[in-house]
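Remarks on the structure that follows.
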Amino acid sequence: MATPKWRQLADELAERIRTGDLTEGQALPQIRELTAAGAGSTTTVQAAYRALETEGLVRIVRGRGTYVRRQRSRVVRESQARYQWEKDRALLPEEERAATGVTERETGLDTPQLEFHAAYDVIPAPPEIARFFGVAPDTQMLHRRFRTSSREETAPIGLISSWLVYDQASRNPALLDSGREPWPGGTAHQLSTIGIEIDRIDDRIGARPPTADETRLLDLDPGTAVLILRKFSYSTEGPLAEYSEVVLPGDRHEFLYRIPLERWSRP
């Protein structure tokens, strides 16, 4: 099947952006200029520009024009390797744990290039959270919210909402202090300080349109979906130890799963 003309035009412009021929902040040609040059009809050019906007390459400013936007760093999240790496680091001395973290590992950035934000609350468990943990709805929970940003970009990498049973977390008062974030070794080490070892993690991944707050905080272009990662961390004793929901910009994240398969036994 032949590639539609609007897609061909979008691909040509995308290549010019990626190679630097069109640079950040530069205006793309006016629609009438491209139609006059034979690039296609007004509808074709509009469709190409909308596609580029959806892909995060340009920003359309109504009444003014279409501009190349700053290209955001993409993050590849390899969950299986990430979780084992985090668990292994929980056993290392603090100096080694503090040297780098999983965000640095996935983004390739050094710690000074990142900005961390954490906010903690103690609140009764919402019904869904109570159900996940198997506790009464009025059980006190430690609700933690995290954002990590590259200092060179205007939006965070993602938005994290994490839940711990307060009575468990309070066994180590340091876990109640948001000022200690980013914690060397992350949640795996935090839980180890109260005698909890993570046995398995279940990831449930979906996508949906962003809320108004998510659109603002993540600086999303129109039409960009968010990926929702619901992470369930279970202890070696069986119960759920930590639950987190991670909201990730769909145009900047990719999940990579390497799944080894057992070989057939052959005679």
Side-chain angles (χ1 to χ4, degrees), residues 77-106 111 114-148 156-206 214 227-248:
R77 182 179 176 118
E78 191 174 356
S79 291
Q80 291 145 301
R82 155 196 266 256
Y83 295 146
Q84 187 61 58
W85 188 82
E86 284 184 304
K87 181 172 179 177
D88 291 344
R89 290 185 66 77
L91 301 178
L92 298 177
E94 181 172 354
E95 183 178 356
E96 292 185 57
R97 284 186 279 111
T100 190
V102 70
T103 302
E104 291 90 330
R105 183 173 185 260
E106 289 181 340
T111 302
L114 295 168
E115 184 173 343
F116 300 91
H117 174 80
Y120 288 8
D121 293 304
V122 179
I123 60 175
E128 184 179 50
I129 299 300
R131 179 168 57 83
F132 289 162
F133 282 88
V135 298
D138 59 350
T139 300
Q140 293 293 96
M141 304 293 296
L142 179 63
H143 183 209
R144 310 182 299 170
R145 298 179 306 283
F146 304 109
R147 295 200 309 267
T148 304
I157 296 166
L159 309 174
I160 302 173
S161 178
S162 167
W163 299 84
L164 299 169
V165 175
Y166 178 80
D167 282 349
Q168 286 187 334
S170 62
R171 295 177 199 163
N172 179 359
L175 299 188
L176 309 179
D177 181 3
S178 64
R180 292 179 175 263
E181 296 289 351
W183 186 285
T187 299
H189 182 267
Q190 289 176 326
L191 292 174
S192 75
T193 68
I194 54 175
I196 295 176
E197 177 186 353
I198 297 300
D199 180 63
R200 87 171 198 273
I201 295 175
D202 292 351
D203 277 353
R204 295 176 179 269
I205 303 168
E214 290 164 353
L227 300 171
I228 308 299
L229 168 63
R230 303 170 79 197
K231 174 173 165 269
F232 299 78
S233 299
Y234 293 92
S235 77
T236 53
E237 302 300 316
L240 182 66
E242 187 258 359
Y243 168 74
S244 60
E245 185 169 300
V246 187
V247 181
L248 300 169

Among residues two or more places apart or on two chains, list those pairs meeting side-chain hydrogen bond (donor to acceptor under 3.5 Å, both in side chains) that have a residue in residues 116-126.
Tyr120-Glu181, Asp121-Arg145
Measuring only between side-chain heavy atoms, which start at C-beta, is Ser161 closer than 4.5 Å to His143?
yes
Indicate every side-chain donor-acceptor pair of residues 91-100 with a distance under 3.5 Å to a residue at least two apart or in another chain.
from	atom 1	to	atom 2	distance (Å)
Arg97	NE	Leu92	O	2.9
Arg97	NH1	Pro184	O	2.7
Arg97	NH2	His189	NE2	3.3

State which residues pass side-chain contact (heavy atoms from CB on, under 4.5 Å) with Ala241; sequence neighbours excluded, sorted by chain then number.
Leu191, Ile196, Ile198, Ser235
Hey, what do you get for CD (Glu86) to OG (Ser233), rounding to the nearest 0.5 Å?
8.5 Å
side-chain hydrogen bond (donor to acceptor under 3.5 Å, both in side chains): pairs with one or both residues in residues 163-173, sequence neighbours excluded:
Asn172-Thr193
Any side-chain heavy-atom pair of Glu242 and Arg144 under 4.5 Å
yes
Contacts of type side chain to side chain donor-acceptor pair (under 3.5 Å), residue Thr103, not counting sequence neighbours
none
Applying side chain to side chain contact (heavy atoms under 4.5 Å, CB included) to Ile157 and Arg147, what does each step give before you reach the verdict?
CA-CA 7 Å; Ile157 296 166; Arg147 295 200 309 267; over 6 Å; no
Residues two or more places apart in sequence or in another chain: which of them pass side chain to side chain donor-acceptor pair (under 3.5 Å) with Glu106?
Arg82
From OG1 (Thr187) to CD (Gln190), nearest 0.5 Å:
5.0 Å
Tell me, do Lys231 and Val246 make a side-chain contact under 4.5 Å, heavy atoms counted?
no
Where do Val247 and Ile228 land on the side chain to side chain contact (heavy atoms under 4.5 Å, CB included) test, with the steps shown first?
CA-CA 5 Å; Val247 181; Ile228 308 299; 3.9 Å; yes
Min side-chain heavy-atom separation Val102-Trp85 under 4.5 Å
yes
Which distance, rounded to the nearest 0.5 Å, do you find between the OG of Ser79 and the CD1 of Ile201?
8.5 Å
Nearest heavy-atom contact between Phe146 and Ser162 is CE1-CB, 4.1 Å
Who pairs with Glu104 by side chain to side chain donor-acceptor pair (under 3.5 Å), at least two apart in sequence or on another chain?
Thr111
Atom pair CG/CD1 of Leu142 and Ile123 - distance to nearest 0.5 Å:
9.5 Å
N/O donor to acceptor pairs below 3.5 angstrom from side-chain atoms of residues 131-141, sequence neighbours left out:
from	atom 1	to	atom 2	distance (Å)
Thr139	OG1	Ala136	N	3.3
Thr139	OG1	Ala136	O	2.8

Got a sec, which pairs hit salt bridge (Lys or Arg N to Asp or Glu O under 4.0 Å) with one end in residues 191-204, sequence neighbours left out?
Lys87-Glu197, Arg200-Asp202
Residues at least two apart in sequence or cross-chain that pass side chain to side chain donor-acceptor pair (under 3.5 Å) with Glu128, listed by chain then number, are Arg230
